[in-house]
Amino acid sequence: MSPPLQLAGIAVDAVSVGGLLTCIQLPGFDVAFDMGRADRGAVCRSTVLFTHAHIDHMGDVAAHCATRSLLGMAPPTYLVPAENIDAFHALMDAWRALDRSELACTVLPAAPGTRHDLGRGRFAQAFRVLHRVPCLGWSIWERREKLRPELVGRSSAEIRAARERGERITDATEAPVVAFSGDTLIEAIDHEPILRQARLLIIEVTFLDDRVSVADCRSKGHVHLDEVIARADAFENEAILFTHTSARYGHAQALDILRRRLPPSLADRVTLLPPPEHR
Ligand SMILES: [Zn+2]
Ligand SMILES: [Zn+2]
């Protein structure tokens, strides 16, 4: 298997093909977005943040849970859109009956605004995106201590003296590190600043040219490249990963389309996720 991508200093190990499978791992945060394929790496992720219940995003959850148990790993935690929580429990119960196994896991409902602690000063937060079924995007944040403004530029001796006097020398800040769009209409970019501001944006761009019109793309609840280009100036992200591209585009062909169509302001920052056979 190929090593993870490194984007804006963040390791990303991902497979995502529109309609077929999506599983996006952040090994450094021990999380995955969605579980459309529970390969050996994905099984190691103890927390899965689900965006929605389409099979290509959730279909391998039982394999994920069972394989972790087989390998002696701790039971996983699944954050599931609240609209799907009863059906999700029923699904896992059906597998327990079929497999005659415990499939131990923690299942938590998620809704826009839900925060989930990831340890080590990091947390995930859900937001609403717009798909054909209830869907959440996810952001990953880091809490950091930042020198208080009045101490910036002071000498280390002065700062040490302030600390020794018992003064607070830092303020806690929360920085958005990663945002994942899930499956969505482009309007999520307009409504959710986190998608434009996170250091790394992972966004679905399912269709890349007029083989599928913007209107047809929208009727399927997805993002078209035309719509991203129309918002090229909105993205403040350091790096952008395009995922979920339709299998109708070969990888070389998709790269060629991006090379021809992306404005320089995006071309410098965009990475196209390679297809699974390249991973
Ligand atoms: Zn999808
Ligand atoms: Zn979907």
Side-chain angles (χ1 to χ4, degrees), residues 5 12-26 31-39 42 45 48-64 78-88 91 109-112 124 126-139 178-189 191-192 195 201-209 211-228 240-251 254 270-279:
L5 299 169
V12 182
D13 205 347
V15 287
S16 180
V17 180
L20 295 182
L21 76 169
T22 289
C23 177
I24 295 171
Q25 304 171 51
L26 302 176
V31 298
F33 304 121
D34 293 334
M35 195 49 64
R37 188 168 87 179
D39 64 22
R45 306 302 153 224
V48 183
L49 308 170
F50 284 103
T51 61
H52 66 301
H54 276 151
I55 290 170
D56 53 316
H57 292 254
M58 194 181 271
D60 249 6
V61 62
H64 178 262
Y78 298 131
L79 279 97
V80 176
E83 298 89 342
N84 302 125
I85 204 90
D86 292 344
F88 188 92
L91 171 78
F127 53 90
R128 176 61 69 208
V129 295
L130 309 159
H131 193 36
R132 287 176 294 131
V133 298
C135 192
L136 297 172
W138 285 98
S139 51
V178 181
F180 175 49
S181 70
D183 282 3
T184 187
L185 294 174
I186 191 70
E187 281 78 2
I189 291 289
H191 300 158
E192 294 293 340
L195 286 167
L201 167 64
I202 303 173
I203 183 173
E204 73 116 307
V205 185
T206 303
F207 300 110
L208 303 178
D209 64 13
R211 265 171 280 183
V212 175
S213 69
V214 171
D216 284 349
C217 172
R218 293 182 63 82
S219 72
K220 300 174 203 300
H222 291 302
V223 170
H224 195 288
L225 181 62
D226 289 15
E227 300 173 300
V228 175
I240 301 172
L241 178 63
F242 284 1
T243 63
H244 204 269
T245 307
S246 165
R248 74 182 62 210
Y249 305 99
H251 190 56
V270 165
T271 300
L272 175 69
L273 183 68
E277 61 268 27
H278 287 220
R279 305 281 310 137

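Note that the coordinates shown come from a computational prediction; the quantities given were computed from them, not determined experimentally. First listed ligand is number 1; within each ligand, the first listed atom is number 1.
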*Counting backbone and side chain alike, does H52 bring an N/O/S atom below 2.8 Å of the Zn ion (ligand 2)?*
yes

Under 2.8 Å: N/O/S of H131 next to the Zn ion (ligand 2) = yes

*Any donor-acceptor pair under 3.5 Å from T243 side chain to I203 backbone*: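 Confirmed, T243 side chain pairs with I203 backbone.
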
R45 backbone acceptor or donor facing H64 side chain under 3.5 Å:
yes

| request: Could you grab the angle centred on the Zn ion (ligand 1), going from OD2 in D183 to NE2 in H57, to 10°? | output: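 Rounding to the nearest 10 degrees gives 90°.
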
- For the Zn ion (ligand 2), find the closest N/O/S atom on H54 and give its atom name.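 Nearest N/O/S atom of H54: ND1.
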
**OP:** Starting from the C-alpha separation in whole Å, work towards a yes-or-no answer on side-chain hydrogen bond (donor to acceptor under 3.5 Å, both in side chains) for D56 and T22.
**Re:** CA-CA 6 Å; D56 53 316; T22 289; 4.9 Å; no

Over 60° means perpendicular and under 30° means parallel, so tell me whether H54 and H131 are parallel, tilted or perpendicular.
perpendicular

